[in-house]
Number of protein chains: 2
Amino acid sequence: MADVAKLAGVSGQTVSRVVNGNDRVTAATRIRVESAMKQLGYRANIAARALATGRFGTIGVVMFNLSAVLNVRIVEAVVTGAQAHGYSVSLAVVDGPTEKDVRAAVRGLTDRAVDGVIVIEARVLDTPHLRLPEEVPLVIADSRAAHKHPTFGMDEAAGARAAVDHLLELGHDTVHHVAGPAGSNPAQRRRAAWQRQLKRSGRAVPPPVAGDWSPRSGYDAALRLLAGDDVSAVFAANDQMAVGVLRAAAELGRRVPQDLSVVGFDDLDFAPFLSPPLTTVRQDLATVGRRCVEHLIARIEAPPGAGPAQTTSRFVRPELVVRESTAPPPGRTR
Amino acid sequence: MADVAKLAGVSGQTVSRVVNGNDRVTAATRIRVESAMKQLGYRANIAARALATGRFGTIGVVMFNLSAVLNVRIVEAVVTGAQAHGYSVSLAVVDGPTEKDVRAAVRGLTDRAVDGVIVIEARVLDTPHLRLPEEVPLVIADSRAAHKHPTFGMDEAAGARAAVDHLLELGHDTVHHVAGPAGSNPAQRRRAAWQRQLKRSGRAVPPPVAGDWSPRSGYDAALRLLAGDDVSAVFAANDQMAVGVLRAAAELGRRVPQDLSVVGFDDLDFAPFLSPPLTTVRQDLATVGRRCVEHLIARIEAPPGAGPAQTTSRFVRPELVVRESTAPPPGRTR
DNA sequence: GAAATGTATGTTAGCGGAAACATGCGGGGA
DNA sequence: TCCCCGCATGTTTCCGCTAACATACATTTC
């Protein structure tokens, strides 16, 4: 920077002003400085700037695992949004399912120099109300409003209700459930909503079978479920497991949808091309991610005394997409 | 830090020594300093350290898009590996498909303070030999060795050859190909290998149909491909498109594998549960990611004069997984 | 026309650490 | 016994940049 200043015949401070956009600098001076910068290939040292200003231009994302298609969509939207606002994104993966682990990850990130943090809380933790250090603004991506921090997510309950209602309206007596893993937040919520909706409709609530989101677990679950003859409708907690259910049905000679109706969750891109095309609940995670970053960046850039940023909690409503894997139960026409 | 020093009755420098592990500090002093740190909740300021040392403890990942399942697996391995070595990971998504765009992303990241960069080069660029600034160590995740930089990737050609050979050995006259998008590196490589292998075996090379990796595009491609009666074997460039192919076959009344054999690529977790279970080529991207980080960190931490880090180029060999979507062509028993 | 006001730029002083060098202490060899 | 040496710790300085204040000059105001 000193070299640039010398070459342009100004002080370092003026160079700094040029770099940081428009303070009051004469057009002529600015041009001189800029050409000097270009000539010398000057590039600001972020660490020095951060040390002087206390801001880093980075936001941190804490998540439990990247392999879940779900989470990746959120992360993608976060990265895109952050880049659009001139921030970069730092990723941290949490080890275990306790609040302590999450807190450690957040602290690691703040130590690491971020201006804000987004926690994608997909796992069921030991504490229902996640309390995290607030050294920097923090936003949670989760599907419930029970947090002390601003939260954005999907209205999973609405999705599960839509799935159940759809099957009941087709005339099924009840709906069986292939649940996600007990340790997963979304899984728990989908399962609870399924159960509540059945009860509310005065139907029997058959014991759910839990999988681990994988197609294999859906297959195994369905094999057990379909051992009995009375199952006419299955609601799988995600599309991947629904694939397994479809496969199990095929192997057991149960035709879908004539003998068995199947509903998934997520609307992954292959859903319309399964055999048969899968009725499922579409989630718009990109919107969730976008809202998270935008809220976070607004808080980061808000003037210091701007009050305790209203803890908005917005939940995106998923949408039932009816395809060909659902029909009235056997022996019944509607 | 000054507070800690005062509380422990030592100089700041000694605190610094304690923080940075074992310089020569008496056990007694160390304990005093550590308890002072804990008592005061001291946390090092990364920016200051970076300013003083010129190192950041962060590695950057440059990629074209996160939504490809493929890339995410690499990123996941990178994040895990980086964390294990005490590094955090910064993510950058590239806009366009030119070398300039990639270079800008890398520069943005190095401006942003990273000690090393991994470029996941999935897109076909305007320049065959990517030349990137080497201000920091840089590793490329790609499936060919044509780079000036250390490169790790899959041996896609071997995978495509295995798929073709498998189908030819079953007795098919030739193999049709549903290719990935022209702008994709892996797609281009799989397609080239498919074509080469057919030629080498003295078979006709039917014109490939290109999709965009999505199930829908596989479906559309298959619809066109299966319009003729002479197609007995299809090699899809990924599993997603293979799903579409399977669906198209079902709608056209072509039984798989009796009338039509289908091979995919990737071995996504749903592959064994499609109808029928998909024969495909398994890729181990986690290994690729792991190798990338490990090589990168080794270079970052190598002593300055350690020579020009041998540009190792290692390619992981994929593995053909035969399931039930392939069989001898109709009217032929083997 | 002198003072008040405004604008462009320079000066000074850190931000929080870590190298590089300086200091003081104790122990071993002659 | 004295001196040299090595080790634990302290001092100084600088990393590169920016906030806050200072300065110099131009412009407006009465």
I'd like to know if Glu121(A) and Arg144(A) make a salt bridge, using a cut-off of under 4.0 Å between side-chain N and carboxylate O. yes
Is the closest basic N to carboxylate O distance between Arg43(B) and Glu135(A) below 4.0 Å? yes
dG10(C) P sits how many Å from Lys6(A) NZ, rounded? 15 Å
Return the polar atom pairs (N/O with N/O) between nucleotides 15-18 of chain C and the protein under 3.5 Å, or none.
residue: dG16(C); atom: N2; partner: Ala48(B); partner atom: O; Å: 3.4
residue: dG17(C); atom: OP1; partner: Tyr42(B); partner atom: OH; Å: 2.9
residue: dG17(C); atom: OP1; partner: Asn45(B); partner atom: N; Å: 3.3
residue: dG17(C); atom: O5'; partner: Tyr42(B); partner atom: OH; Å: 3.3
residue: dA18(C); atom: OP1; partner: Asn20(B); partner atom: OD1; Å: 3.1
residue: dA18(C); atom: OP1; partner: Asn20(B); partner atom: ND2; Å: 2.9
residue: dA18(C); atom: OP1; partner: Arg49(B); partner atom: NH1; Å: 2.8
residue: dA18(C); atom: OP2; partner: Ser16(B); partner atom: OG; Å: 2.4
residue: dA18(C); atom: O5'; partner: Ser16(B); partner atom: OG; Å: 3.4

What is the distance, to the nearest angstrom, from the CD1 atom on Ile31(B) to the P atom on dT9(D)? 12 Å
Working for side chain to side chain contact (heavy atoms under 4.5 Å, CB included), residues Leu285(B) and Leu70(B): CA-CA 7 Å; Leu285(B) 273 327; Leu70(B) 265 149; 3.8 Å; yes
Using 4.0 Å as the upper bound for N to carboxylate O, is an ion pair formed by Arg290(A) and Asp284(A)? no
Any Thr14(B) side-chain nitrogen or oxygen under 4.0 Å from OP1 or OP2 of dG10(D): yes
Are the charged groups of Lys100(B) and Asp95(B) less than 4.0 angstrom apart, N to O? no
Protein-nucleotide distance (Phe56(B), atom CZ; dG16(D), atom C1'), rounded to Å: 11 Å
Thr29(B) vs dA8(D): side-chain N/O to OP1/OP2 distance below 4.0 Å: no
Could you tell me whether Glu34(B) and Lys38(B) have a side-chain N and a carboxylate O separated by less than 4.0 Å? no
